[in-house]
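Let me begin by presenting the structure, written as structure tokens, before commenting on it.
Since the model is a prediction, treat every value here as computed from it, not as a measurement.
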Amino acid sequence: MNRALPLPPVPFASPAPLPRYDSVDALRGLAMVWMTVFHFCFDLSHLGFWPQNFRVDPFWTSQRTVIVSLFLFCAGLGQAIALHQGQGWPRFGRRWLQIAGCALLVSAGSFVMFPHSFIHFGVLHGMAVMLLIARCTAGWGRWLWLAGLVAVALPPVAHQLLAGAWAEAAPWFNGRALNWLGLVSRKPFTEDYVPVLPWLGVLWWGLAAGQWAMAAGRERWVQWPLPRGLRPLALLGRWSLSYYMLHQPVMIGVLTAVAWVSKG
């Protein structure tokens, strides 16, 4: 009597893809769209089409604050989801290397365009540092809410001290070696500045909110179905890093060509 031989195991079988949370992706996509409009207006100003003061005008500075907050809050939510799904350090490390590598490219590219105010610690630089901190502190649970509050409160306190009683220490904290911490008496002259403090607090709040939402019986807060009209936002949010790296070179290139032709 013939017996069927057992099938050999399939080597290097690919694990099942982890589910996406469209609502989180769409929120990140919304930040990308808003950022694109903001950068388009900045490029118009930079090329002289529509002069605006992006450094001090509250209309622009407040928008930048909201956009960066959305990005970092979504990054915290993403870390909570990743930990809930059991994603380990190897996968985290691959993504982290992508972010850190892109941060270096941003510094190099901005140095070519703005040699006196190039980006030495922008949103990607800050995110690379903050994601490592968030990964190591994810076990703090509810204390993340308090930690976030402290992180947000520290910079204004440091500003008062460095402008007053600790004025002698201000040059050290304002210098490039330490200003990435965010404990400064004046902001550095740079095209993008996202220090660890206070922005780590926003990411911590996103992580805390994600952990709360991923608890038993609460996943509906991050799993609600998207209307058809918002699905493109979710798709954009899934490719946020690639889009972030490409959108500005494309826009500035097109607008530079328009400026050249209009002056031709």
Side-chain angles (χ1 to χ4, degrees), residues 18 20 24-40 42-43 46 54 63-82 87-136 176-177 179-182 188-197 199-200 202-204 206-207 233-256:
L18 295 172
R20 301 288 310 192
V24 177
D25 287 334
L27 186 61
R28 190 183 299 111
L30 173 63
M32 302 301 294
V33 172
W34 196 345
M35 174 197 69
T36 303
V37 175
F38 182 90
H39 282 167
F40 181 74
F42 175 86
D43 294 343
H46 174 68
F54 280 80
Q63 286 190 64
R64 178 187 178 274
T65 298
V66 176
I67 293 168
V68 175
S69 297
L70 275 176
F71 266 123
L72 295 177
F73 190 82
C74 288
L77 287 174
Q79 281 303 296
I81 293 171
Q87 296 181 26
W89 280 98
R91 181 164 179 169
F92 172 86
R94 289 193 296 271
R95 184 61 172 173
W96 184 88
L97 287 174
Q98 292 176 352
I99 294 172
C102 288
L104 294 177
L105 290 176
V106 167
S107 291
S110 64
F111 183 79
V112 173
M113 288 193 63
F114 309 100
H116 300 295
S117 59
F118 75 97
I119 301 171
H120 63 271
F121 206 83
V123 64
L124 292 183
H125 306 73
M127 189 173 290
V129 174
M130 287 182 269
L131 284 175
L132 282 174
I133 297 173
R135 187 79 178 190
C136 294
R176 191 170 295 172
N179 65 19
W180 58 274
L181 293 172
F189 182 65
T190 178
E191 297 303 318
D192 190 26
Y193 178 56
V194 183
V196 173
L197 300 172
W199 297 108
L200 177 60
V202 179
L203 195 145
W204 265 337
L207 177 59
L233 284 179
L235 180 62
L236 179 61
R238 291 170 196 166
W239 295 91
S240 57
L241 184 59
S242 300
Y243 181 85
Y244 180 86
M245 295 301 294
L246 291 174
H247 82 286
Q248 264 292 58
V250 171
M251 286 198 304
I252 199 74
V254 170
L255 289 175
T256 300

Within the 4.5 Å heavy-atom criterion, are L70 and M35 side-chain neighbours or not?
no
Just by modelled atom types, is the Y244 backbone N or O under 3.5 Å from a matching donor or acceptor in the H247 side chain?
yes
Where do I119 and V106 come nearest, in terms of heavy atoms and distance?
CD1-CG1, 3.8 Å
So V129 and F121, do their side chains get closer than 4.5 Å, heavy atoms only?
yes
Note, F42 side chain near E191 side chain (heavy atom, < 4.5 Å):
yes
Once you round to the nearest 0.5 Å, how far does CG of D192 lie from CZ of R64?
5.0 Å
Test item: F92 and Q87 side chains (from C-beta on) under 4.5 Å apart, heavy atoms:
no
Taking V196's backbone N and O only, do any of them form a donor-acceptor pair with W180's side chain (distance below 3.5 Å, no angle check)?
no
Side chain proximity check, W89 to R135, heavy atoms < 4.5 angstrom
yes
Straight-line distance of I81 CD1 to L207 CG, nearest 0.5 Å:
11.0 Å
Taking all non-hydrogen atoms of both residues, which atom of S240 and which atom of R95 are closest, and how far apart?
OG-NH2, 4.4 Å
Quick one: does L241's side chain get under 4.5 Å of L124's, heavy atoms only?
yes
From T190 OG1 over to F118 CZ, what is the distance, rounded to the nearest 0.5 angstrom?
7.5 Å
Determine whether more than 12 heavy atoms belonging to other residues, nucleotides or ligands lie under 6.0 Å from atom CZ of F38.
yes
Taking the side chain as everything from C-beta on, heavy atoms only, tell me whether F71 gets closer than 4.5 Å to M32.
yes
Can you find a heavy atom in the side chain of V194 that is under 4.5 Å from one in the side chain of H125?
no
Atom pair CG/CG of L200 and L131 - distance to nearest 0.5 Å
10.0 Å
For T256 and I252, which heavy atoms make the closest approach, and how far apart are they?
OG1-O, 2.5 Å
Least distance between heavy atoms, N179 atom then P195 atom
O-CB, 3.9 Å
Could you list the residues that satisfy side-chain hydrogen bond (donor to acceptor under 3.5 Å, both in side chains) with Q63, not counting sequence neighbours?
W34
For H46, enumerate each residue passing the side-chain hydrogen bond (donor to acceptor under 3.5 Å, both in side chains) test, keeping only those at least two apart in sequence or located in another chain.
none
When rounded to the nearest 0.5 Å, the distance separating CH2 of W204 from CG of L72 is 13.0 Å
Scan residues 97-124 for pairs that pass salt bridge (charged side-chain N to carboxylate O under 4.0 Å, His left out), counting only residues two or more places apart or in two chains.
none
Looking at F111, F189, Y193, which hits side-chain contact (heavy atoms from CB on, under 4.5 Å) with S117?
F189
CE (M251) and CD (Q248) are apart, to the nearest 0.5 Å, by 4.5 Å
